[in-house]
Visitor: 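Pasting a structure below so you can have a look.
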Amino acid sequence: MKFKPRTVGDIIKHYSTPHADRACPTSFYSWEETQVMMKDITTHNNFHNLPNNKFISAIKPAYKLIDNAEHLKIALKPFQQAKIIGIDCETALGTDPYRAKVRLVQLAIPDRPVTIVDIGAIAPADLNPLRALLAGNALKIGHNLKFELMMLTIAQLPPSLPFFDTYLAYRVLVAGLKRNFSLESAVDRLLGIKLDKTLQTSDWSGTLTPNQLQYAATDAAILLPLRETLKQKLKVSKLWETAKLEFACLPAVASMELNGMLLDREQWKVLGDKLCQTRNLLLTQINSQLHLPNPHQQISLLPEFTETINPRSPKQVLAALQSAGIPVNSTNTQTLIPFAGKYPVIQALLDYRSVSTRISTFVEGLPHHIHPVTGKIHPNWFQIGARSGRFSCREPNLTNIPRDGETRQCFITAPGCVLLKADYSQIELRIMAKISGDRAMVAAYAKGEDLHKLTASLVLDKPLSKIASDERQLGKIVNFGLIYGMGVNKFKHMAQSEHGVILTREKASLFRKKFFNSYSGIKQFHAAVRQQWQKGIRESRTASGRRRLWSKESKPLLNEMLNHPIQGLSADITKLALAKLVVALKRTGAKLICVVHDEILLECPIAEIEQVKTLLHSCMVSAGDKFLSPIPCEVEIKVLATWGG
DNA sequence: CTCTTGAGCGCC
DNA sequence: AAACGGCGCTCAAGAG
């Protein structure tokens, strides 16, 4: 399954226009237009001039409680014609989808009382009308629909596309700014209505009070005007496409969170024991060589002198290093590495810190998150977790699991399944090629050349064919470092600390110069962004239209503005792939279980490997092609028994 | 006692 | 004058 390359001529031709004639890389809009877009969201709306009665009914909407099968059928009749339905759930026993129970499902359409279905009072088989409604084609509005999707899926009432999530919409609208994204706060800021949320965490398992029902009805009803306002604002800000992408991605995220990942407990313990042994060894080694300076010289020969230091305390480490005559003023890895060769204890210290984080964060931390019901790890996935538009993942964070085989081999699949691991190849470099239109990069990709090798050959003045593997490694460092505007010093340090390549300041500076002279498109891209940055512009757009804002109080860093178009577009590509994938996988037994930025993990029944592999590949490549074309998009898929191979 | 902050380190 | 970007977790240390 290899990507079919276009002809080199086609691709070069696409970029035959001078860079200066191309769209501004960070924003398609003038700063004046941008400020108009921003004004709307950075200040509170003034509602005093609006006819308030428009919202009065939304504050205490009429509602109808449905608690038997007969009434349900009749009550849902008007909803069958509805194109847009506000949906909200109240749950008993918490918010964990595998332990909580859906108590109420509230449905809101214009000009009708909110219909509240008491799930607890109706037999599952009698819920069919509701099931059909949720599975229908109406647009479902909700605030943080991931929760409703998970809860209702477990309750055998899975809602289907299309969705409008007011929470995601609000996040897209103000991406980059600090905001409270609760329904209460969004409704306050966008509609000027104060919601009373005191009943949110009340007991929804027993007999419900009229106040509780009114609260439940209000949450659903308010979604309709909230969506109107958000949609209008998204359109004004040209963010409608981005929001639609997020909505389409929603079912993928909800199912990924429900599916979870399997950890091999026994193997995990073996790994942990091994790491603990290493740690203890390192600790004795460190303590035999480093001691806390004793403030009382006269008793320095007493037992206190041999008191052990805590290598995880920067304060103690600094004091001990200085008293041992090692000239450092900080204990971070960057400053310590140059001394690692001369003082073995420094290397031991560095190793200790690494092993010890791995023990506390991963070995000890992860098992706490194994779910008692499913036996799997179900992290919280936030589809707009990062300011760039990337996902984030919490409790636990599965996107920063150590990448060594021993660790990742502990992540296994269900019996009868394999793990499909799909990676975008060099996605950020390809995005740089696409948005800068740099001729050398474009041509190299068109010819299927190795970009790291190319960079090495350009900065070392050597022919491509003579680039050895360690020189290619250097090219890789240069590529990833300099694309985002890394300074000479940092570049030098990184080459040493991450790859053991020791560069003089002069060499580092020379490589940097050569890099930008060779890739003049990147140089121009940087110059264009720098110009915007100097003008005081506080927004950035990806090629797909996703926006990141910076508040008036904090000027953006130049490098943040250089990075966002790349990292943000990468996130958009992954999200588009996920949106396509969740539809494609419906009729298969494969499950989405993890996403690490440009890597997608599926658990796939052995019998369906080839079919699912094809689907996965085509979803990812077509998503990539949409934004990268004519730069080729390559996806590598591995069939594995475990995440570690 | 809890909460916050910063250092340090894991990942892409 | 800015000097890779984006995250989350744990521990130490200080604040209240």
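Each chain gets a letter, A, B and so on, in the order the sequences are listed, and its residues count up from 1.
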Visitor: Would you give a per-nucleotide map of nucleotides 2-12 of chain B, 5' to 3', where B means the base has a protein non-hydrogen atom under 4.0 Å away, S means only the sugar-phosphate does, and - means neither?
Guide: -----SSSBSB

Visitor: Under 4.0 Å between any heavy atoms, over every strand shown, what does A:Asn310 touch: base, sugar-phosphate, or nothing? Just pick one.
Guide: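 Result for A:Asn310 = sugar-phosphate.
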
Visitor: We want to know whether A:Asp273 and A:Gln277 form a side-chain donor-acceptor pair, criterion being a heavy-atom distance below 3.5 angstrom.
Guide: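 Looking only at side-chain atoms, A:Gln277 and A:Asp273 do not form any donor-acceptor pair under 3.5 Å.
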
Visitor: Reading DNA chain C from 5' onward, which residue's closest nucleotide shows up sooner: A:Arg530 or A:Asn563?
Guide: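 With A:Arg530 and A:Asn563 compared, the 5'-side residue is A:Arg530.
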
Visitor: Quick check for you: name the first and last nucleotides of DNA chain C, 5' to 3', having an atom under 4.0 Å from a heavy atom of chain A.
Guide: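 Contacts span C:dA2 to C:dG14, reading 5' to 3'.
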
Visitor: Does any part of the side chain of A:Phe411, heavy atoms only, come nearer than 4.5 Å to the side chain of A:Leu262, both counted from C-beta?
Guide: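 Side-chain contact under 4.5 Å: no.
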
Visitor: Does a side chain donor of either A:Thr455 or A:Tyr519 reach within less than 3.5 Å of an acceptor in the other side chain?
Guide: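 A:Thr455 vs A:Tyr519: donor-acceptor pair found between side chains.
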
Visitor: Would you indicate whether the side-chain heavy atoms of A:Met441 and A:Ile522 approach each other to under 4.5 Å?
Guide: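 The answer is yes; the side chains approach within 4.5 Å.
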
Visitor: How is A:Arg548 classified with respect to the nucleic acid when contacts are heavy atoms under 4.0 Å: base, sugar-phosphate, or nothing?
Guide: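 Sugar-phosphate only.
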
Visitor: Could you tell me if the ring centre of A:Phe511 sits under 6.0 Å from that of A:Phe515?
Guide: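 Between A:Phe515 and A:Phe511, which both carry aromatic rings, the centre distance is not below 6.0 Å.
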
Visitor: If each of A:Pro396 and A:Ser388 is mapped to the nucleotide of DNA chain C with the nearest heavy atom, which maps nearer the 5' terminus, i.e. the 5' end?
Guide: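 So the residue in question is A:Ser388.
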
Visitor: Check whether NZ of the Lys or CZ of the Arg A:Arg538 lies under 6.0 Å from the centre of the six-membered ring of A:Trp550 and within 45 degrees of that ring's axis.
Guide: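 So A:Arg538 doesn't make the cation-pi contact.
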
Visitor: Using a heavy-atom distance cut-off of less than 4.0 Å, which residues of residues 470-480 of chain A contact DNA chain C?
Guide: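 Here the set is empty: none.
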
Visitor: Side-chain contact, heavy-atom cut-off 4.5 Å: A:Arg403 with A:Val596?
Guide: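 No, too far: nothing below the 4.5 Å cut-off.
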
Visitor: Scan side-chain atoms only and decide if A:Ser425 and A:Arg430 contain a donor-acceptor pair under the 3.5 Å cut-off.
Guide: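 Checked: A:Ser425/A:Arg430 side chains pair up, N/O donor to acceptor below 3.5 Å.
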
Visitor: Quick one: label A:Gln534 by what it contacts on the DNA or RNA (base, sugar-phosphate, nothing), any heavy atom closer than 4.0 Å.
Guide: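 The residue A:Gln534 makes no contact with any strand.
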
Visitor: Checking A:Tyr352 against A:Gln285 for the side chain to side chain contact (heavy atoms under 4.5 Å, CB included) test, could you report, in this order, the C-alpha distance in whole Å, the side-chain angles of both residues, the deciding distance, and whether it holds?
Guide: CA-CA 10 Å; A:Tyr352 178 90; A:Gln285 193 184 338; over 6 Å; no

Visitor: If you measure from the P atom in B:dC9 to the same atom in C:dA2, how many Å do you get, rounded?
Guide: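 To the nearest whole Å, 28 Å.
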
Visitor: Within the structure provided, determine whether A:Thr574 and A:Ile427 are in side-chain contact (heavy-atom separation under 4.5 Å).
Guide: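 They are not in side-chain contact.
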
Visitor: Do you know which two heavy atoms are closest between A:Leu275 and A:Arg358, and how far apart they sit?
Guide: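 Taking A:Leu275 first and A:Arg358 second, the nearest heavy atoms are CD1-NH2, 4.2 Å.
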
